[in-house]
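Notes follow the structure.
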Amino acid sequence: MEGKTMSEDSKFVAYCVKCRTKREMVDPKPVFTAKGQAAVQGHCPECGTKLFRMGKTALHAGMSPPPKPQAPEPTGKLVIVESPTKARTVGRFLGKKYAVKASVGHVRDLLRSKLSVDVDNDFDPSYRVPNEKRAVVKELKAAVKKARDVYLATDPDREGEAIAWHLSEVLELDPAHTHRVVFHEITQNAVDEAFSHPRSLNMELINAQQARRVLDRLVGYKLSPLLWRKVRSRLSAGRVQSVALRLIVEREREIEAFVPEEYWTIDAELAPRTAAGKDERSAFVARLVRIGDEEATFGVESDVRPILAELETAEYVVSKVKEGQRRRNPAPPYTTSTMQQEASRKLGFSASKTMRIAQQLYEGLDLGNGQPVGMITYMRTDSTHVAEAAQAEARKYITERFDAKFLPAEPPQYKTKSKGAQEAHEAIRPTSVVQSPDSVKTYLTRDQQRLYDLIWRRFLASQMEAALYDTRSVEVLAGHGEDQPYLFRASGAVLRFPGFLVVYEESLEENGNGNGDTKSQPIPRLDIGELMDLIRLLPEQHFTQPPSRYSDATLIKALEEYGIGRPSTYAAILANIQQRGYVGRERRRLFPTETGFLVNDLLVEHFPDLINVDFTAQMEDRLDDVAKGDLEWVALLRDFYGPFSVALQRAEDAMPKIDHVELVGRDCPECGAPLIVRWGRYGKFVGCSEFPKCRYTERWLEKIGVKCPQCEEGEIVEKRTKRGRVFYGCSTWPACEFTSWKRPLPQPCPVCGGLLVVARKDLAQCQSCQSEFSLDALPAPESELVEG
């Protein structure tokens, strides 16, 4: 047996691909493959073809496989950013020496299916790579193997720092060869500067973002199930969104409780008497402000009549004239908050739309040469700081484009008003002021061009000289003879030097800081003691007005003033409370729905310390302390969770079970039971109240309170296209095919009785006669008059 084995081993048989059969090797030799595996190599005795057979044989006795060749050290440089657009722009600036990849946002997060926070183990979070990101992570890992150095170039805020940290953990990056680079604009100079000064990851910023994420998860995943058990499923609560909802609900209740009070004012149109040297009589309007030592206040018309009778025959004489000059300084360049507010007022953009377009401008657009370029600086910021280089470029542009008199002696410096603003960041500005809106207009979409125009003009104006006004105020006494108890006042301003106004002027709502225009009526030159003629008296009835509902702009302003949230969260807050069905929108104003009232009242009653403006603002301050390294993030969570868990248990016991049923007002066509509003994965729908016995359902139609003008049977409802664009159609579709892109109004046209639609921001237009009307001037709908 042993001899036979030795005999067979001495014959090495292998398959010949040419002869298509097995052959005994001629001149067999022991070899090793590149991977170090033993084999025998020889030739076919018939055709000479090389034969090969794997396996160790007696021929290999005493031989050792050669050492495996070491893989060459990787020499590449890998850059990871968030978005593909940003990757293309940054890649163009860095050149071929760098490979640039996109993480497409976060690569790992807390599990969606459970709390994912171990409250008993120092709030240890459980992170995982979502299924939809596994392909991205696999691609990034392959790229890391080819790179010696990895540069994490995510956004320059806390969330960007956290994304960089998650990337380093998931990709198992070597800290010695991992670099963090930060730039606030995607331009050649900014990218070069960032890559010449890389740094390590900032764990304080990462822990601040981690603490915020865990806080929001604790609140959301503890309060939301409570609402499901006590009210209905699909409800949610959040640490910040619930406070924003409270602001809207409290404002609505202020409006509902408001009782208007009547009051009157008396104005007098006056003109100087014709005298030598005065060819024209310039009339102006003055208001009655005092009667003797008392302030002039009138509650009802009967209070005004006797005063008018005396003033009709009174003599008017100038008692005081004051002339001066007023400077109107430009507003600082945009922060995230002010940009969202102004885009809402001037362009009608929602906060989320503003941020989406700003992201496109920041990441880079093709301006005709086939290469994308970043057009604005980073758009999530609460700082008004401007880089010296940008100021120098703006000053040169102002001098060349306008005149030296439009340039202030020193570059203006603006102090950020926002609490906890990160002064290391920059304001939102164009990356190059030379790229004027007109010069890039053909390369941008309409919305991109409109937002860029705002950002460009606001920044350029902020670097220009103040506007100058000549001001004149006058006081006029009225009475009979020496008894002149009635004091009238008038003031006006005339623009002497436009300054920054040649470029940009803030919207009226934004001028709530007292920096706006005074009355522009011209006041003629007058002398003390000069007699005036009464042209006419102008008594006017007024009623005190309730506070306005919040708009996107005013709610963002309130959140910023209270210190609630941060620049990156404003748009998400507004979107969340609307998507949840807590808040509706009418004429760009926000109002709470029935569900919004209910959820708010329950949360405020049982969690007064949590759903609280002051508490939320204080928490933002403590998160800032974590970011500065002054507070441990786990200590912050311990301080929060103890009282919160006690309040949660108390609410579980005390909060009543509420059968919140919203009737549709119709019966089920299948079983006759009342139809009710239900909520599912995709939002509202109509269902039978006898579910599960009866499973009838139908789509929810968002009615706007307008009868269909075409069929006069259905009602106009709000609909959406497949791409999400809102339009309006008849509820009886397809029987009636009426549609409109513009929102119909319930009031008929005052001219022809036709259908009115919202044509522009504050303007209604008739679809029949094309007449236009101010929305504020339209009479209230008949339904409101009847209800009132």
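What's counted below: heavy atoms across the whole structure, side chains too, no hydrogens, waters or symmetry copies.
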Cationic tip of [X] above [Y] ring, under 6.0 Å, 45° of axis:
X	Y	value
K133	Y127	no
R213	W633	no
R217	Y221	yes

Lys/Arg N to Asp/Glu carboxylate O, R212 vs D216, below 4.0 Å | no

Is the shortest side-chain heavy-atom distance between [X] and [Y] below 4.5 Å?
X	Y	value
S436	K441	no
V386	R429	yes
L636	L215	yes

Audit row: Q359, T85, side-chain contact (heavy atoms from CB on, under 4.5 Å) steps and yes/no | CA-CA 10 Å; Q359 181 93 26; T85 303; over 6 Å; no

Answer yes if the side chains of T336 and Q340 hold a donor-acceptor pair under 3.5 Å, and no otherwise.
-> no

Any side-chain donor paired with an acceptor under 3.5 Å for S432 and E393?
-> yes

Aromatic rings F183 and F195: how do their planes relate, parallel, tilted or perpendicular, breaks at 30° and 60°?
-> parallel

If you look at every heavy atom in I376 and Y362, which pair is closest and at what distance?
-> O-CD1, 3.5 Å

Pairwise distance CG(N207) to CZ(R158) - rounded to 0.5 angstrom = 11.5 Å

From CG (L559) to CG (L247), nearest 0.5 Å | 6.5 Å

Evaluate the criterion side chain to side chain donor-acceptor pair (under 3.5 Å) for residue pair S116 and R128; output intermediate values, then yes/no.
-> CA-CA 10 Å; S116 296; R128 72 180 288 272; over 6 Å; no

So, H184 versus Y378, ring centres under 6.0 angstrom or not?
-> no

